[in-house]
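What follows is one structure encoded as structure tokens, with my remarks underneath.
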There are 2 protein chains.
Amino acid sequence: MRDIIATTSPGVDPLLTSVRRAYALGPFAEAVVSSKKPTIDDVARHCGVARTTVSRVLNGGPNVRDEVRQRVWASVKALDYRVNPQARSLAGGQSRMLALIVASDLDAQPNSFYASALELGALRECLGLGYQLLTRHVAQDRPNRREQVLELIRSQRCQGVMLTPPFADDVELIESIQALDCHAACISPGGAGRDAADGVGIDDAAAGADIARRMIDLGHRRFAFMAGIPGHLAAERRHEGLRGALAAAGLDPDEVAVVRGDFTFRSGAALTPQLLEAPTPPTALICANDDMAAGALSVAHGRGIDVPGRLSITGFDDTPVSEVIWPPLTTVHQPLREMAGEAVRALSGRIGGDRSPPRFVTLSHAVVERASAGAPPGARLRARA
Amino acid sequence: MRDIIATTSPGVDPLLTSVRRAYALGPFAEAVVSSKKPTIDDVARHCGVARTTVSRVLNGGPNVRDEVRQRVWASVKALDYRVNPQARSLAGGQSRMLALIVASDLDAQPNSFYASALELGALRECLGLGYQLLTRHVAQDRPNRREQVLELIRSQRCQGVMLTPPFADDVELIESIQALDCHAACISPGGAGRDAADGVGIDDAAAGADIARRMIDLGHRRFAFMAGIPGHLAAERRHEGLRGALAAAGLDPDEVAVVRGDFTFRSGAALTPQLLEAPTPPTALICANDDMAAGALSVAHGRGIDVPGRLSITGFDDTPVSEVIWPPLTTVHQPLREMAGEAVRALSGRIGGDRSPPRFVTLSHAVVERASAGAPPGARLRARA
DNA sequence: GTGAAAGCGCTAACAG
DNA sequence: CTGTTAGCGCTTTCAC
């Protein structure tokens, strides 16, 4: 890598010139532009102040005259200088690195829109706040799953981590993370996770009740519920909300057929036949997420079952799948991007020194009525709520 | 943060003990476990060698006796030591950071499965190779789009960048990246990008021809093509392949109706009505990607058009959408994860010192026949290829 | 083979 | 308000 000399007198050794620039504040100081990335010292030299002062300006520190501040910024612009994050991190312990932990097996599962939406939301907020985001997919059934996330934090000196279910309720993991001087923010923690760290989510019980009530209002009486993995506490809460709504309507929650999938399209498809083949099949199938609902819908199509004419199917999350399939899915909107953004903000606040007790932010959800749910076959439509 | 003393005699000041550990190789050397992260010096002290030696062992360098090598590794294990990437990067200029540039507007577009698959593939390979991945979404129509990716590279000292279309063919961008001492790898470059940097992709022209031929074989004669953005050269090549196949079959390529979307479901849905309302509507609609095909399919459903009975629709990419919708999409499989993995490997090789001329790796594609395409209405099925 | 010494570029006390 | 002095933890010459 050769130095590039912008202005120099003929016959002057370029190397010498650049050395001169490096060790003296001579007349060449401004004329020489090196191809090597400028350092904070270059900036300091360029505007004749101490390195510390530049550092203060860069970090918005106090005790710098406005006039100097301006000059420093001018030099920064002039030299096209930017801080070396590695050096900053080494010296100050500020890696400005955040991580998003997603529960999924990179090898087995197809990409999930849920995770993708969360990542996008986090990415956007990180961009604005000047953080970098590392996304890590961890298979939730691996015995060393905790070690995998801790390893990432240690190795990258992450300052904050976002945990999705079921990690969001893994208090042991959360505490291990905090022991590493790293902040944690839980996305949709369903229980214990809320006390251990900041969290963000919707009122899952209410959301479950809302979608159930909507189906009850449409006239449905025979329900089936497609649940997710047991460790996903938020999803369990939705289930509880659903049961509560059923009971409130005078129905017996224990009569609803329950099957458990793993939130994938595939599991949704695999579980549907047994539901359809029951002696008295449900008229409404409430699924714990959109992907499983899509799987169920696909099976219904395959069997020529009219949706929603004969079977109503609902999802949860309102991810893009719900708009892409036919009929478009009636589902519960969950503001995933905003949730991730909120998690990043919470982390940013903690990194900034906020020591208040863990906070849980509840964002609002909404039942989105599209076309996959309607009145049950032969039912008179009851008065709408 | 308090030091944790594993073994100590009563009355000994913990702090003193840890100081002793720090400055002497006394009897406490092994007994003391500090909560502070161990450094390379701790390891060196632990097994009585110089820091340099530990560094050599860690980096697989030469000139270390095997016996010493073993001891060093033992100490590393014993202390649960791991290198500080920031420090390593500062000293050696190895950030081990890669970036994936995706063309999309974080605010406007829904998450794309295409980008997601690429990211997952890259993530997996990075994990194995010890790199970290930064994903950056850049809106392709922003005037400062190039600056955004260069900024990321500069600020994070990325050693390699993967470019997706249309960035994959932006030679000016590629050269700017290389000028920053960063390697570039192009995913599906369609033209110029191939000469400027390593690349990976499928034979797009052949893939376009294959899917067209398949439809011709099914008996279709009236085609429509839903193209993507013009800058996506790989997609343009598919278009060329399609035209070639048509011509080879004695059909006039100029007779196929062409509309241009932006690869989103929404654009696919928006563009379909005009195709359907033509005086002689197509019997086969070939789309440049799965999302647009899904959009088209959705419109067909809405109008009660039987797919594939009256209209055949095909996608491209074989992303998860194609399996989730009904009927499942006939499409062209593109090994997106493998492509991203290959790009990471190429980058890794370059970082490792490979200076050979840019290489383009062609992976194989395949027409995946599902249910969205069939014989045109009233046609006798021609002999299959 | 191994070690000592010199930084990489930055932040953070601590003086003035 | 500003500058001086130490490191942060590691890689890399260069001696031995």
Side-chain angles (χ1 to χ4, degrees), chain A residues 1 22-23 25 34 36-72 75-76 79-96 154-157 159 181 351 353, chain B residues 1 22-23 25 34 36-72 75-76 79-96 130 154-157 159 181 351:
Chain A
M1 246 184 306
Y23 293 100
L25 240 158
S34 166
K36 196 90 183 58
K37 291 153 189 161
T39 74
I40 193 173
D41 286 321
D42 293 323
V43 177
R45 215 173 293 119
H46 182 97
C47 71
V49 296
R51 183 202 305 181
T52 317
T53 302
V54 178
S55 176
R56 282 201 191 93
V57 173
L58 256 27
N59 298 293
N63 293 344
V64 183
R65 260 183 317 166
D66 248 23
E67 185 262 328
V68 174
R69 218 177 270 278
Q70 310 260 313
R71 265 171 46 216
V72 170
S75 295
V76 166
L79 299 179
D80 191 31
Y81 165 81
R82 40 213 88 208
V83 297
N84 178 325
Q86 278 85 26
R88 162 180 283 176
S89 164
L90 221 210
Q94 295 282 304
S95 66
R96 294 205 78 82
R154 268 192 295 249
S155 77
Q156 296 303 310
R157 308 305 209 248
Q159 297 187 273
D181 272 333
I351 292 167
Chain B
M1 246 185 304
Y23 295 100
L25 240 159
S34 167
K36 195 91 184 57
K37 292 154 190 162
T39 73
I40 194 174
D41 286 321
D42 293 323
V43 177
R45 216 174 291 119
H46 182 98
C47 70
V49 295
R51 184 203 303 182
T52 318
T53 303
V54 178
S55 177
R56 283 203 190 90
V57 173
L58 256 27
N59 298 294
N63 293 344
V64 183
R65 262 183 317 166
D66 247 23
E67 186 260 330
V68 175
R69 221 175 266 279
Q70 310 260 311
R71 268 171 43 217
V72 169
S75 294
V76 166
L79 298 179
D80 190 31
Y81 165 81
R82 43 211 87 209
V83 297
N84 178 325
Q86 277 86 27
R88 162 178 286 176
S89 163
L90 220 208
Q94 296 283 304
S95 66
R96 294 206 78 82
R154 268 192 294 249
S155 76
Q156 296 303 310
R157 309 304 210 246
Q159 297 186 273
D181 272 330
I351 292 168

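Every chain is numbered from 1, with letters handed out A, B, ... down the list of sequences.
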Who passes side-chain hydrogen bond (donor to acceptor under 3.5 Å, both in side chains) against B:R71, sequence neighbours left out?
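Once residues adjacent in sequence are excluded, the partners of B:R71 under the side-chain hydrogen bond (donor to acceptor under 3.5 Å, both in side chains) criterion are B:E67.
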Assign a letter to each nucleotide of nucleotides 7-13 of chain D from its 5' end: B, base within under 4.0 Å of a protein heavy atom; S, sugar-phosphate only; -, no contact.
BBBBBBB
B:R96: which residues meet the salt bridge (charged side-chain N to carboxylate O under 4.0 Å, His left out) condition with it, sequence neighbours left out?
none
Distance-only check: which donor-acceptor pairs under 3.5 Å involve side-chain atoms of residues 56-66 of chain A, not counting sequence neighbours?
unit_1 : atom_1 : unit_2 : atom_2 : d
A:N59  : OD1    : A:R88  : NH2    : 2.9
A:N59  : ND2    : A:S55  : O      : 2.7
A:N59  : ND2    : A:S55  : OG     : 3.4

Mind listing the closest non-hydrogen atom pair of B:A44 and B:A50 along with its distance?
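Answer, listing the atom of B:A44 first, then B:A50: CB-C, 3.9 Å.
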My understanding is that only residues two or more places apart in sequence, or in another chain, count here; which of them pass side-chain contact (heavy atoms from CB on, under 4.5 Å) with B:Q70?
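Expected list: none.
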Answer yes or no: is there a side-chain heavy-atom contact under 4.5 Å between A:V49 and A:V54?
yes
In Å, rounded to the nearest 0.5 Å, how long is the span from CZ of B:R51 to CG of B:D41?
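Here the rounded value is 4.0 Å.
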Net bend of the helix from C:dG1-D:dC16 to C:dG16-D:dC1, end axes of five pairs each, nearest 10 degrees
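Inter-axis angle at the termini of the helix from C:dG1-D:dC16 to C:dG16-D:dC1: 30°.
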Shortest side-chain distance from A:R65, nucleotide among D:dG3, D:dT2, C:dG3:
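Of all the options, the side chain of A:R65 is nearest to D:dT2.
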Separation of [X] atom [atom1] from [N] atom [atom2], in whole Å?
X     : N      : atom1 : atom2 : result
A:D66 : D:dT2  : CG    : C1'   : 15 Å
A:N63 : C:dA15 : CG    : P     : 17 Å
A:Q70 : D:dC1  : CD    : P     : 14 Å

Examine distances only and state if a side-chain atom of A:S95 and a backbone atom of A:R157 form a donor-acceptor pair shorter than 3.5 Å.
yes
